[in-house]
Engineer: 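Can you keep this structure in mind? I'll have questions shortly.
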Amino acid sequence: MTDRVTLFEMGPRDGLQNETVQIATADKIALVDLLSACGFTKIEVTSFVSPRWVPQMANATEVLAGITRAPGVSYAALTPNLRGFDGALAAKADEVAIFASASEGFSRANINCSIDESLARFAPVAQAARDADLPLRGYVSCVTDCPYDGPTDPAQVLRVAQALIDLGAYEVSLGDTIGAATPETTKRLLDRLLDHIPATRLAGHFHDTGGRALDNIAASLDRGLRTFDAAIGGLGGCPYAPGAKGNVATEAVTAMLADRGFDTGLDPQALDRARAFAQNLRSPR
Ligand code: HMG
Ligand code: MG
């Protein structure tokens with residue numbers, strides 16, 4: 001294992017998608033440009049989803065068109081179906097992501113279909129990504145707890161994660177969608193997954209509702225994971241997981257990793273500029 005950890009910046013997508021006041025396209029572009037100066041290699045910029053479901057992401061094409069692309073940064077977009085994939089391809093996303101759930105309740109609430117239906121829907125997206133030579137990432141939501149179905153069986157996470165890998169995902173991001181995971185449930189999950197999937201193909205995606213996200217990242221580091229999703233300023237929440245807070249804050253993860261001797265390649269001063277800007281974009285709560 002190296003001492004290098006990759007932080008996949010989620011602020012512009014997971015961070016902003018739940019904001020109720022429509023954020024100006026220019027502000028979204030400015031946020032991505034500030035993040036591009038921080039040293040990230042991966043930034044999730046937006047999602048090509050139904051604007052009726054997530055109005056905040058309606059200007060995905062304009063945002064991707066307006067950003068200044070820094071060399072070495074992969075600008076990613078969520079694509080739930082072929083229509084979304086076509087939009088992301090036309091807007092020159094560098095990689096795309098499909099997103100499934102380990103629980104049936106959240107699958108229905110988030111993408112309006114069962115888990116198996118979603119996997120069937122992702123197959124042509126994965127094929128299109130292969131044809132276009134675009135890297136494909138996968139998410140599994142509700143990996144330890146679901147707001148509708150309660151605790152999640154790790155075997156169910158394994159089934160869905162393996163299916164995403166079989167579809168061609170280079171990495172599966174494990175979503176603690178409602179921020180209810182603990183180091184204990186995180187370890188139990190990883191112990192099940194790591195018998196079948198190498199740590200290099202897994203990422204941690206912890207929301208911080210319960211204030212345990214950093215502890216869960218520490219538990220995941222102990223199990224060999226080296227990629228984590230985080231949002232600048234701790235922005236966000238999921239529109240289909242009521243009450244869930246944002247992703248763990250990028251700056252907090254960066255500081256924790258530095259303390260533990262891991263290198264993220266991120267510039268703390270540039271991060272602070274992006275954090276200040278991001279926090280000013282939030283709707284009043
Ligand atoms: P549906 O209603 O079942 O599908 O939605 P549909 O095909 O019947 O389409 C409904 C409407 O959406 C139609 O428009 C389509 O044209 C349109 P209408 O005729 O009603 O005007 N439509 C689209 N428009 C733009 N782009 C598209 C697209 N597809 C259809 N790609 C669908 C199914 C998946 C589209 C919908 O449920 C959806 O968009 N869901 C997105 C939910 C979402 O974005 N959630 C947040 C992201 S996931 C997340 O945050 C979790 C994560 O962070 C990990 C974690 O924390 O766990 C990743
Ligand atoms: Mg999320």
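In each ligand, atom 1 is the first atom listed, and ligand 1 is the first ligand listed. Throughout, residue positions are numbered sequentially from 1 according to the sequence presented.
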Engineer: Can a non-hydrogen atom of Arg121 be found less than 4.0 Å from any atom of ligand 1?
Structural biologist: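 True for this residue.
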Engineer: For ligand 1, which part of Thr177 has a heavy atom less than 4.0 Å away: the side chain, the backbone, both, or neither?
Structural biologist: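 Both the backbone and the side chain of Thr177 come within reach of ligand 1.
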Engineer: Check each atom of ligand 1 against the heavy atoms of Asn112 and keep those under 4.0 Å away; list them by number with element.
Structural biologist: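 Listed by number with element: 1 (P), 2 (O), 3 (O).
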Engineer: Mark up the atoms of ligand 1 that fall under 4.0 Å of a heavy atom belonging to Asn110, in ascending order.
Structural biologist: 37 (O), 40 (N), 41 (C), 42 (C), 43 (C), 45 (N), 46 (C), 48 (S)
Engineer: How about Glu95 and Ser74: does a side-chain donor come under 3.5 Å of a side-chain acceptor?
Structural biologist: yes
Engineer: Between Ser47 and ligand 1, is there a nitrogen or oxygen pair with a distance under 3.5 Å?
Structural biologist: no
Engineer: Of all the N, O or S atoms in Asp14, which one sits nearest to the Mg ion (ligand 2)?
Structural biologist: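 Going through the N, O and S atoms of Asp14 one by one, OD2 ends up nearest to the Mg ion (ligand 2).
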Engineer: Are any non-hydrogen side-chain atoms of Arg201 and Ile165 less than 4.5 angstrom apart?
Structural biologist: yes
Engineer: Using a heavy-atom cut-off of under 4.0 Å, does the side chain or the backbone of Pro80 touch ligand 1, or both, or neither?
Structural biologist: side chain
Engineer: State, with a plain yes or no, whether a side-chain heavy atom of Arg226 is found less than 4.5 Å away from one of Thr200.
Structural biologist: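 Side chain of Arg226 against side chain of Thr200, heavy atoms only: no contact under 4.5 Å found.
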Engineer: Quick one: are Ile197 and Val172 in side-chain contact, heavy atoms under 4.5 Å?
Structural biologist: no
Engineer: Is Arg159 salt-bridged to Asp116, going by a charged N under 4.0 Å from an acidic O?
Structural biologist: yes
Engineer: Counting heavy atoms only, name the option from Phe206, Trp53, Phe99 that's nearest to atom 38 (C) of ligand 1.
Structural biologist: Trp53
Engineer: Check each heavy atom of Met10 against ligand 1 and say whether those closer than 4.0 Å belong to the side chain, the backbone, both or neither.
Structural biologist: neither
Engineer: Taking both backbone and side-chain atoms of Phe48, is any N or O found less than 3.5 Å from an N or O belonging to ligand 1?
Structural biologist: yes
Engineer: If we set the cut-off at 4.0 Å for heavy atoms, which region of Leu78 has an atom near ligand 1: side chain, backbone, both, or neither?
Structural biologist: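 Contact part for Leu78 vs ligand 1: side chain (C-beta onward).
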Engineer: Would Pro51 count as a contact of ligand 1 if the rule is a heavy atom under 4.0 Å away?
Structural biologist: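 Yes.
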Engineer: Would you say Arg273 and Gln269 are linked by a side-chain donor-acceptor pair, where the criterion is simply a distance under 3.5 Å?
Structural biologist: no
Engineer: Below 30° counts as parallel, above 60° as perpendicular, anything between as tilted: where do the rings of Tyr139 and His205 land?
Structural biologist: perpendicular
Engineer: Side chains of Thr46 and Tyr75, heavy atoms from C-beta outward: is any pair under 4.5 Å?
Structural biologist: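 A side-chain contact under 4.5 Å is absent here.
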Engineer: Using a 3.5 Å cut-off on N or O atoms only, is His205 in polar contact with ligand 1?
Structural biologist: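 Min N/O separation from ligand 1 is below 3.5 Å for His205.
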Engineer: Which of the atoms of ligand 1 are close to Val54, meaning less than 4.0 Å from one of its heavy atoms?
Structural biologist: 43 (C), 44 (O)
Engineer: Does ligand 1 have any atom sitting under 4.0 Å from a heavy atom of Arg13?
Structural biologist: yes
Engineer: Show the atoms of ligand 1 that are less than 4.0 angstrom away from any heavy atom in His207.
Structural biologist: 56 (O)
Engineer: Within the side chain of Arg137, is there an N or O that forms a donor-acceptor pair under 3.5 Å with the backbone of Val96?
Structural biologist: no
Engineer: Please list, in number order, the atoms of ligand 1 under 4.0 Å from a heavy atom of Ser141.
Structural biologist: 51 (C), 54 (C), 55 (C), 57 (O)
Engineer: Does some side-chain heavy atom of Gln22 sit less than 4.5 Å from a side-chain heavy atom of Gln56?
Structural biologist: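 A side-chain contact exists here, since the closest heavy-atom pair is under 4.5 Å.
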Engineer: Would Phe106 count as a polar contact of ligand 1, with the cut-off being nitrogen or oxygen pairs under 3.5 Å?
Structural biologist: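 In this structure, Phe106 places no N or O atom under 3.5 Å from an N or O of ligand 1.
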Engineer: Assess whether a salt bridge exists between Asp94 and Arg69, defined as any Lys/Arg side-chain N lying under 4.0 Å from an Asp/Glu carboxylate O.
Structural biologist: yes
Engineer: Which of the atoms of ligand 1 are close to Gly84, meaning less than 4.0 Å from one of its heavy atoms?
Structural biologist: 31 (N)
Engineer: To 10 degrees, how wide is the angle NE2 (His207) to the Mg ion (ligand 2) to NE2 (His205)?
Structural biologist: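 Vertex the Mg ion (ligand 2), arms to NE2 of His207 and NE2 of His205: 90°.
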Engineer: I want to check something: taking the side chain as every heavy atom from C-beta on, are Glu251 and Asp272 in contact at a cut-off of under 4.5 Å?
Structural biologist: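 When only atoms from C-beta onward are counted, Asp272 and Glu251 do not touch, as no gap falls below 4.5 Å.
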